[in-house]
S.K.: 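Structure below; questions to follow.
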Amino acid sequence: MAFHWIVLAAAIVTSMAGQTLLKAGAGAGDFIAQLFDWRTILGLGLYGGAAILYIVALRRIPMSVALPCTAISYVAAAAIG
């Protein structure tokens, strides 16, 4: 069971890293440049990886518990911002 909690924590951290990179990639000149910016591409990859980790965590952690745990990302986003 501890494994799934570690995976949930990894999903939250990976999601925050992906979102931060997506925001960093948003500084590109235009939309097409933003799509092909390395930060955007890496951010999308991390964000997708976070979704996979979250799916793994949901195998053993009830959604009614896992979803509120992801709220820590709002606090982290405010701190990063």
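In this text the structure is predicted, and so the values were computed from the model without any measurement.
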S.K.: Less than 3.5 Å apart, which donor and acceptor atoms pair up between the side chains of residues 70-79 and the rest of the protein, not counting sequence neighbours?
M.R.:
{"residue": "T70", "atom": "OG1", "partner": "L67", "partner atom": "O", "Å": "2.5"}
{"residue": "S73", "atom": "OG", "partner": "T70", "partner atom": "O", "Å": "2.7"}

S.K.: Between V56 and F3, is a side chain to side chain contact (heavy atoms under 4.5 Å, CB included) present by the stated rule, with each step listed?
M.R.: CA-CA 10 Å; V56 171; F3 169 75; 4.3 Å; yes

S.K.: Which atoms form the tightest heavy-atom contact between V65 and P68, and what is the distance?
M.R.: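 Taking V65 first and P68 second, the nearest heavy atoms are O-CD, 3.3 Å.
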
S.K.: Which atom names give the shortest non-hydrogen contact between A66 and L58, and what distance separates them?
M.R.: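 Where A66 meets L58 most closely, the heavy atoms are CB-CD2, 3.7 Å.
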
S.K.: What distance do I61 atom CD1 and H4 atom NE2 have between them, rounded to the nearest 0.5 Å?
M.R.: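 The distance works out to 7.5 Å.
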
S.K.: Rounded to the nearest 0.5 Å, what's the gap from CD1 on I32 to CD on Q34? Could you check?
M.R.: 10.0 Å

S.K.: Indicate the atoms forming the closest heavy-atom contact of A11 with L53, along with that distance.
M.R.: CB-CB, 3.6 Å

S.K.: So, for L21 and G43, which heavy atoms are closest and what is the spacing to 0.1 Å?
M.R.: CB-CA, 3.8 Å

S.K.: For the residue pair G18 and L46, what are the closest heavy atoms and their distance?
M.R.: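 Nearest pair, atom of G18 first, then L46: CA-CB, 3.8 Å.
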
S.K.: State plainly whether one hydrophobic cluster holds both L42 and L22, where clusters connect Ile, Leu, Val, Met, Phe, Trp and Tyr through side-chain heavy atoms under 4.5 angstrom apart.
M.R.: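 Looking at the clustering, L22 is in a separate group from L42.
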
S.K.: Are I6 and I55 linked, directly or through intermediate hydrophobic residues, by side-chain heavy-atom contacts shorter than 4.5 Å (ILVMFWY only)?
M.R.: no

S.K.: Who are the side-chain hydrogen bond (donor to acceptor under 3.5 Å, both in side chains) partners of S15, not counting sequence neighbours?
M.R.: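 If we apply the side-chain hydrogen bond (donor to acceptor under 3.5 Å, both in side chains) test to S15, skipping adjacent residues, the hits are Q19.
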
S.K.: Can you list every pair that meets salt bridge (Lys or Arg N to Asp or Glu O under 4.0 Å) and has a residue in residues 33-52, with sequence neighbours left out?
M.R.: D37-R39

S.K.: Treat each ILVMFWY residue as a node, draw an edge where side-chain heavy atoms are under 4.5 Å apart, and state whether W38 and L44 are in one component.
M.R.: no

